[in-house]
Amino acid sequence: MLTKTDYKNYLECPMWLWLSKYRPELLPEETSDLQRRFAMGNEVDALAKKLFPEGIEIQGYNKEGWANTQKAILSGSKILFQPTVIEGDLSCRADILVKNKDDSWDINEVKMATSAKKEYVFDVGFQKICFERAGIKIRKTNIIHINNKYIRHGDIEPEKLFATDDITRETDKHLPETEEGIKEALKVIKIKEEPSLELINGCNNSKRCEYLECYCNGIKNIQSLVKDIQPKHILALLNREILDSKKIKQNILDAAGYVLPEKFTKIDVDAIKKEFKKLKYPLHFFDYETYGSAIPPFNGMRPYQQMPFQYSLMVKDSPDSVVRHFEFLARTFENPIHSLLAQLKKEIGPEGSVIVWYAKFESGRNKEMADMEPDFADFLEDVNDRIFDLLLIFKHKNQMYIKSEFNKLASLKIVLPVLCPELSYKNLAIQGGGDASSSWPVLTSDKTPAKEKEQLAKNMLAYCKRDTEAMVGIMDKVLRDIK
DNA sequence: ATGATACCATAGGCTTCGGA
DNA sequence: TCCGAAGCCTATGGTATCAT
């Protein structure tokens with residue numbers, strides 16, 4: 001049986017589909033970030049249903065769902081939520097099915113994205129094929145997506161939060177391709193033995209594909225796979241922890257004809273000194289954690305707007321002084337920016353540089369908050385004028401501070417372990433901004449036990465503090481290197 | 001999932017120039 | 001005078017990099 005999810009997995013990476021059917025235990029665990037995204041998707045689905053007050057919910061999955069769907073259609077229901085269809089090898093659920101004046105139906109697929117992306121034609125095409133094979137005629141296929149111009153005032157208004165795009169033409173145009181893809185996907189799920197190289201190289205994932213890595217955890221003879229593999233997958237193999245033997249790594253590299261670049265460090269002392277001349281003490285090392293959702297949680301916010309709920313601030317008054325640390329963390333699920341700004345205004349001095357990693361992010365949040373809290377607009381503008389972006393020292397094209405280990409990248413999570421391995425995130429419960437973000441609603445929920453909240457708060461504070469410690473450590477290291 | 005920005009490949013429109 | 005090749009500029013679409 002091939003479900004719509006199976007088909008989408010296949011389109012991204014055939015190996016993913018195969019693993020999900022035969023070796024699901026090898027798939028990566030759901031991260032809290034992913035869980036939050038699923039939860040958000042469910043909320044979006046629920047809100048979209050409010051666009052159709054007449055709709056009825058179809059209960060059950062698979063055969064039961066299909067039986068209930070048929071029952072609802074026969075009894076004359078005109079709007080169905082979550083109808084299921086099973087036909088031959090295929091199984092799928094639609095979001096919202098709406099009957100027309102004749103005997104045809106329109107498919108409405110709810111997406112949390114802010115536009116009708118072109119890859120949705122395969123998703124919706126799969127649904128159309130399923131329903132039509134089962135004798136349910138489909139006229140239009142629509143995408144109901146988030147309208148990111150919407151600004152919340154009071155209760156969420158679904159008819160303003162959502163926009164609908166008719167993608168029938170595009171869907172139909174790609175229908176033959178969709179049919180072909182379904183045939184291929186069905187072939188994949190019939191492979192009983194270990195998949196061949198062909199399957200791995202069918203991967204369409206533009207980024208590093210984690211599913212090959214997962215697969216490698218489950219087989220012994222990795223070296224036999226190496227010939228003719230895509231370069232992105234070679235790197236994936238090299239990152240596997242099970243490849244701790246240098247000899248195996250070298251074999252893989254040799255087989256692929258891949259030469260690791262030689263290690264090097266390049267420091268343009270003059271250029272960095274010139275940049276650092278712009279700095280004024282006291283130095284304020286600063287970092288926000290933010291929360292954003294497809295459904296804006298508070299008034300004045302638009303979908304996906306990132307709202308700061310936490311910061312860490314480390315102040316260094318002079319080159320040799322000890323840092324003073326300040327922090328803020330909102331403990332209730334209310335718009336936190338007023339209290340955040342009130343505290344920040346007291347803690348951040350009127351003089352001195354504000355050092356951040358990737359200035360666009362922090363300055364962008366400051367601009368948004370200035371619009372929402374006009375009383376703080378001058379203050380925020382002043383802070384933005386004093387921002388210094390530490391990332392630009394490491395930006396590859398700037399050629400100021402380059403190490404081969406950076407691989408031409410310059411995120412904090414890449415630079416830090418090379419320059420200050422002692423400040424690793426490894427021992428922290430929260431390891432990235434995404435986790436911090438998804439922790440905030442948990443921290444502020446009535447349903448979370450007090451004890452758990454305390455632990456969570458500690459973890460969140462430790463993470464955000466570490467981001468600023470990292471900048472302090474990196475700054476010290478660079479200052480030593482250019483002395 | 002967003003968004004700003006950077007970068008790259010490609011397409012199209014336009015001019016220029018040499019050969020016939 | 002005409003035509004196509006070559007060169008150049010701009011627009012566009014796609015992908016990647018940062019942050020959460």
Side-chain angles (χ1 to χ4, degrees), chain A residues 12 31-45 47 110-120 143-151 161-163 204-209 231-232 235 286-297 301-312 329-330 336-337 340 355-369 384 387 389-399 406-416 425 430-443 460 463-464 466-468 470-471:
Chain A
E12 197 173 313
T31 60
S32 66
D33 201 35
L34 200 64
Q35 283 169 6
R36 189 186 143 230
R37 224 173 285 176
F38 283 138
M40 209 155 87
N42 290 337
E43 277 181 65
V44 169
D45 279 352
L47 266 176
V110 180
K111 294 288 184 196
M112 39 190 306
T114 55
S115 65
K117 301 188 176 181
K118 43 177 209 166
E119 62 262 32
Y120 295 163
I143 297 293
I144 297 176
H145 61 83
I146 297 285
N147 161 28
N148 65 355
K149 300 282 184 289
Y150 170 70
I151 296 174
L161 173 66
F162 291 105
N204 287 314
N205 202 326
S206 61
K207 297 188 197 104
R208 199 189 77 191
C209 179
K232 69 180 177 190
L235 295 172
F286 187 62
D287 184 51
Y288 283 133
E289 304 306 325
T290 66
Y291 175 80
S293 167
I295 303 158
M301 287 181 69
R302 49 173 186 73
Y304 294 109
Q305 183 178 333
Q306 295 293 318
M307 180 205 56
F309 62 81
Q310 180 180 10
Y311 67 74
S312 170
L329 174 60
I337 68 173
L340 180 144
I355 300 176
V356 299
W357 199 275
Y358 193 61
K360 269 185 198 67
F361 189 78
E362 266 69 20
S363 67
R365 303 298 75 78
N366 286 344
K367 274 182 204 143
E368 286 166 2
M369 286 194 289
N384 274 357
I387 281 184
D389 193 346
L390 197 50
L391 179 145
L392 70 87
I393 302 293
F394 302 95
K395 207 167 177 147
H396 184 259
K397 69 160 195 175
N398 289 345
Q399 293 287 310
F406 297 163
N407 273 322
K408 301 187 180 176
L409 302 172
S411 71
L412 186 58
K413 305 300 182 267
I414 284 175
V415 173
L416 183 71
Y425 290 82
I430 290 173
Q431 304 218 342
D435 290 344
S437 184
S438 46
S439 296
W440 190 62
V442 182
L443 176 80
M460 292 168 77
Y463 168 73
C464 192
R466 178 57 56 88
D467 269 345
T468 49
M471 287 190 278

Report which part of the nucleic acid Ala113(A) touches: base, sugar-phosphate, or nothing (heavy-atom distance under 4.0 Å, all strands).
sugar-phosphate

Results of side chain to side chain contact (heavy atoms under 4.5 Å, CB included) for Ser312(A) - residues two or more places apart only
His325(A), Cys464(A), Lys465(A), Thr468(A)

Phe286(A) has an atom CZ; how far is it from atom P of dA19(C), in whole Å?
16 Å

Backbone N/O of Ala163(A) and side chain of Asn147(A): donor-acceptor pair under 3.5 Å
no

Contacts of Glu368(A) meeting side chain to side chain contact (heavy atoms under 4.5 Å, CB included) (sequence neighbours excluded), chain-then-number -> Arg302(A), Gln305(A), Arg365(A)

At 4.0 Å (heavy atoms only), tell me whether Tyr288(A) reaches a base, stays on the sugar-phosphate, or touches nothing.
sugar-phosphate

I want to verify a distance call: between dC18(C), dG14(C), dT20(C), whose nearest atom is closest to the Tyr358(A) side chain?
dC18(C)

For Lys395(A) and dA16(C), what is the distance between atoms NZ and P respectively, to the nearest whole Å?
16 Å

Nt span of DNA chain B in reach of chain A heavy atoms at under 4.0 Å, 5' end first, is dA1(B) to dC7(B)

If you look at every strand shown and take non-hydrogen atoms under 4.0 Å, does Thr114(A) touch a base, only sugar-phosphate, or nothing?
sugar-phosphate

What's Asp389(A) touching, base or sugar-phosphate or nothing? Going by heavy atoms closer than 4.0 Å.
nothing

Residue set satisfying side chain to side chain contact (heavy atoms under 4.5 Å, CB included) with Tyr358(A), at least two apart, ordered chain then number -> Lys360(A), Phe361(A), Leu391(A)

Residues in side-chain hydrogen bond (donor to acceptor under 3.5 Å, both in side chains) contact with Asp45(A), at least two apart in sequence or another chain
none

Contacts of Asp467(A) that satisfy salt bridge (Lys or Arg N to Asp or Glu O under 4.0 Å) - sequence neighbours left out
Lys413(A)

Under 4.0 angstrom, heavy atoms only, what part of the nucleic acid is Leu412(A) near: base, sugar-phosphate, or nothing?
sugar-phosphate

How many Å lie between CG on Leu390(A) and P on dC18(C), as a whole number?
14 Å

Just how far, in rounded Å, is C1' of dA19(C) from CZ of Arg365(A)?
8 Å

Take the protein atom CG of Asp287(A) and the nucleotide atom C1' of dA19(C), then report the distance between them rounded to whole Å.
9 Å

To the nearest 10 degrees, what angle separates the axes at the start and end of the helix from dA1(B)-dT20(C) to dA20(B)-dT1(C), five pairs each?
20°

Run the side chain to side chain contact (heavy atoms under 4.5 Å, CB included) test against Lys117(A) and tell me which residues pass, sequence neighbours left out.
Ala113(A), Ser115(A), Glu119(A), Tyr120(A)

Ring pair (Phe, Tyr, Trp, His ring centres under 6.0 Å) involving Phe286(A) - partner list, sequence neighbours excluded:
Tyr288(A), Tyr311(A)

Below the 4.0 Å mark, does dC18(C) have OP1 or OP2 next to a side-chain nitrogen or oxygen of Trp357(A)?
no

Atom NZ of Lys397(A) and atom P of dC18(C): how far apart are they, to the nearest Å?
12 Å

Counting distance only, does the side-chain N/O of Asp435(A) pair as donor-acceptor with the main-chain N or O of Ile430(A) below 3.5 Å?
no

So what does Lys117(A) touch, heavy atoms closer than 4.0 Å: a base, only the sugar-phosphate, or nothing?
sugar-phosphate

Do the non-hydrogen side-chain atoms of Trp357(A) and Asp287(A) ever get within less than 4.5 Å of each other?
no

Establish, with yes or no, whether the OP1 or OP2 oxygen of dC18(C) is under 4.0 angstrom from a side-chain nitrogen or oxygen of Lys413(A).
no

What is the separation between atom NZ on Lys408(A) and atom C1' on dA16(C), rounded to the nearest whole Å?
13 Å

Tell me: CG of Leu392(A) to P of dA19(C), nearest whole Å?
13 Å

Using a heavy-atom cut-off of under 4.0 Å over every strand shown, decide if Lys111(A) touches base, sugar-phosphate, or nothing.
nothing

Checking all strands, does Ala436(A) fall into the base, sugar-phosphate, or nothing category for heavy-atom contacts under 4.0 angstrom?
nothing

Touch check for Asp435(A), heavy atoms < 4.0 angstrom, all strands: base, sugar-phosphate only, or nothing?
nothing

